[in-house]
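Accompanying notes for the structure given below.
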Amino acid sequence: MSSQDGEHRWWHGAVLYQLYVRSWLDTDGDGYGDLGGVIARLDYLSWLGVDGIWLSPTMPSPDDDWGYDVSDYLGVHPDLGTMDDMDALIAQAGQRGMRVLLDLVPNHTSSAHPWFIDAAGSRDSALRDFYVWAGPGPDGGPPNNWLDATGAPAWAWHEPTGQYYLHNFLPSQPDLNWWEPRVHSEFAEILRFWLDRGVAGVRIDVAHGLYKDAQLRDNPPEAGDAPMAGRFGLQSVYNANRPQTHGVYRDWRRIADSYPAAYPGARLLLGETWVADPDRLAGFYGDDDELQLAFNFPFVFAALTAPGLSGVVAETLARLPAGACPVWTASNHDVGRFPSRWCGGDERKTRLALLVLATLPGTTVLYYGDEIGMTDVRVPPELQQDKMSRGGGNGWEGNRDRARTPMQWDSSPAGGFTAEQVTPWLPAGDTAAVNVAGQREDPGSVLRFCRDLISLRHAEFDGQIGSYQVLPAPPGAWAYQVGRLTVLANFSGRPVPCHDPGGPVLLSSTGAALPAGPDIVLAPWQAVIARSADAGG
Ligand code: NOJ
């Protein structure tokens, strides 16, 4: 059991907000969002009611993967601002009671990082073992069959030193070698550096990936065609998902727990745990001595149906260790936006999904724009910026730029993201149809509904994970009790009668009042939150 017992785990029952800094608000007229823009809109986030913000990568980077190729872990990217800006952001968020999480990328660096430049300088470099080097395989080609995130071999031949190096992502993102103890000490220092500055925690990129098989064994073929069965025909058994990675998180957790419980409270490790198996996901919580939150990708890839979502929720809750806090998200900068993926732009479905996200036990993570129902944007090939999927020959749907377009603040062509004469780094979506300014004024908007949901979540969860119990529901519907609330959700295009929750309806996704009576009839794609019968009205 951890030293945080009885202390304030502020993320319990909370709503975190993933903010893609480059696309949030441009305050210096270069077409990129920046930290000044985050500061400028802290009042908006406070009005919305989020408890913490996770900033997409903020460290210096050549931007082959928009900050996920770090060249200095202790700095701030000059496009985004300065260290003073970061300090001001943390302080000003704190004044509003919001925590700031940074994105930490420990699986790989940029090839422009001084460690890699040194390591690649010679086989005798003192830093050579910071990375994964190997000679050719038996056929004279790459050392094994591992593939990178674009489907190309995960090995780049380094002519000057006559060896391959490993890159699970782009060739300019060489994988670190976590068998090397000095990599551990470097990252422990990096973590402390940011926690010392008042950062409330980190989202850990590729959290399942740090260690690689020491023998570099071939990956086996994938077992099926489920969304997370593997990639490009192979299961990631040996190039990621190695058990030794858990030791890193036990070390980091000790570091996080060594910080005082005073604001910003316990320091949070939130993992990008890209795993399909709920037991494997559960493993990242350890014995409450590893990550406190592990992202749930099976939920992201579940169908927007009652059995699809309720099945993942039930299985997750059954497998997580007692007391572990589940985390639910539906959109991010890689997988796209749920109002498109799940809802096809149908606002009824978006509202239903927001209601479910806001009432599940644990922690909810919204992606910027979720709160106004922003959909994916078709970015034409000549304007695309994402090298990872562009190389894969995908259409716009497969290109991650679709979910990284400017925040839609108002109805102007660039959505108020930047000055009128400036071209934003990615084109804005349909700002006339969907924007913050219009929705803020409209009590019936998705934004106002989302804000009401967050407010209700705070009032009801009150810093607790929330107990969950599934309730009987007719086909097409999902009903559950969470804390003192009953949620009834109709995932079908026809009216569905549900059992009377016993208490009054507090919020409806359609805004419409429901006729009183022993049986509630939900309209197509309607969801409601009611006070449970046994909750004392
Ligand atoms: C996961 C990040 O979310 C993604 O954007 C990035 O390309 C890869 N990790 C590599 O860092």
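Whatever order the structure lists them in is the order used to number ligands and atoms, beginning at 1. Remember, it's a predicted structure, so these values are computed and weren't measured experimentally.
- Looking at D65 and R400, a side-chain N of the basic residue comes within less than 4.0 Å of a carboxylate O on the acidic one, giving a salt bridge.
- Contacts with ligand 1 closer than 4.0 Å are made by no heavy atom of K387, backbone or side chain.
- Ligand-side atoms of ligand 1 in range of H333: 2 (C), 3 (O), 4 (C), 5 (O), range being under 4.0 angstrom from any heavy atom.
- Under a 4.0 Å criterion applied to the non-hydrogen atoms of R404, ligand 1 contributes the atoms 5 (O).
- For atom 3 (O) of ligand 1, the nearest protein heavy atom (residue, atom name, distance) is D334 OD2, 2.4 Å.
- Residue contact check: R400 has heavy atoms under 4.0 Å from atoms 4 (C), 5 (O), 6 (C), 7 (O) of ligand 1.
- The pair D251-R253 does not meet the salt-bridge criterion, since no charged nitrogen lies less than 4.0 angstrom from a carboxylate oxygen.
- For an aromatic pair to be called close, the ring centres must be under 6.0 Å apart, and Y44 with W409 satisfies this.
- Note that R192 lies outside the cation-pi zone of Y259, set by a 6.0 Å cut-off to the ring centre and a 45° limit from the axis.
- D205 OD1, 2.8 Å is the protein heavy atom nearest to atom 9 (N) of ligand 1.
- For ligand 1, the atoms closer than 4.0 angstrom to any heavy atom of V206 are 9 (N).
- Cation-pi check for R128 over W133 is met; the charged atom lies under 6.0 angstrom from the ring centroid and within 45 degrees of its normal.
- Nearest protein heavy-atom neighbour of atom 6 (C) of ligand 1: D65 OD2, 3.2 Å.
- Judged by the shortest distance from any of its heavy atoms, R203 lies inside the 4.0 Å radius around the atoms of ligand 1.
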_Could you go through R182 and E186, starting from their C-alpha distance and side-chain angles, then the distance that decides it, and tell me whether this counts as salt bridge (Lys or Arg N to Asp or Glu O under 4.0 Å)?_
CA-CA 6 Å; R182 289 173 296 168; E186 290 287 355; over 6 Å; no
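- Applying side-chain hydrogen bond (donor to acceptor under 3.5 Å, both in side chains) to H333 and the options R402, Q18, R22 leaves one that passes, Q18.
- In summary, D51 and R457 do not engage in a salt bridge, as defined by a charged side-chain N under 4.0 Å from a carboxylate O.
- In the vicinity of H108, heavy-atom distances shorter than 4.0 Å reach the ligand 1 atoms 10 (C), 11 (O).
- Looking only at heavy atoms of the protein, atom 8 (C) of ligand 1 is closest to F169 CE2, 3.7 Å.
- Atoms of ligand 1 found under 4.0 Å from any heavy atom of M388, numbered from 1 in the order shown, are 7 (O).
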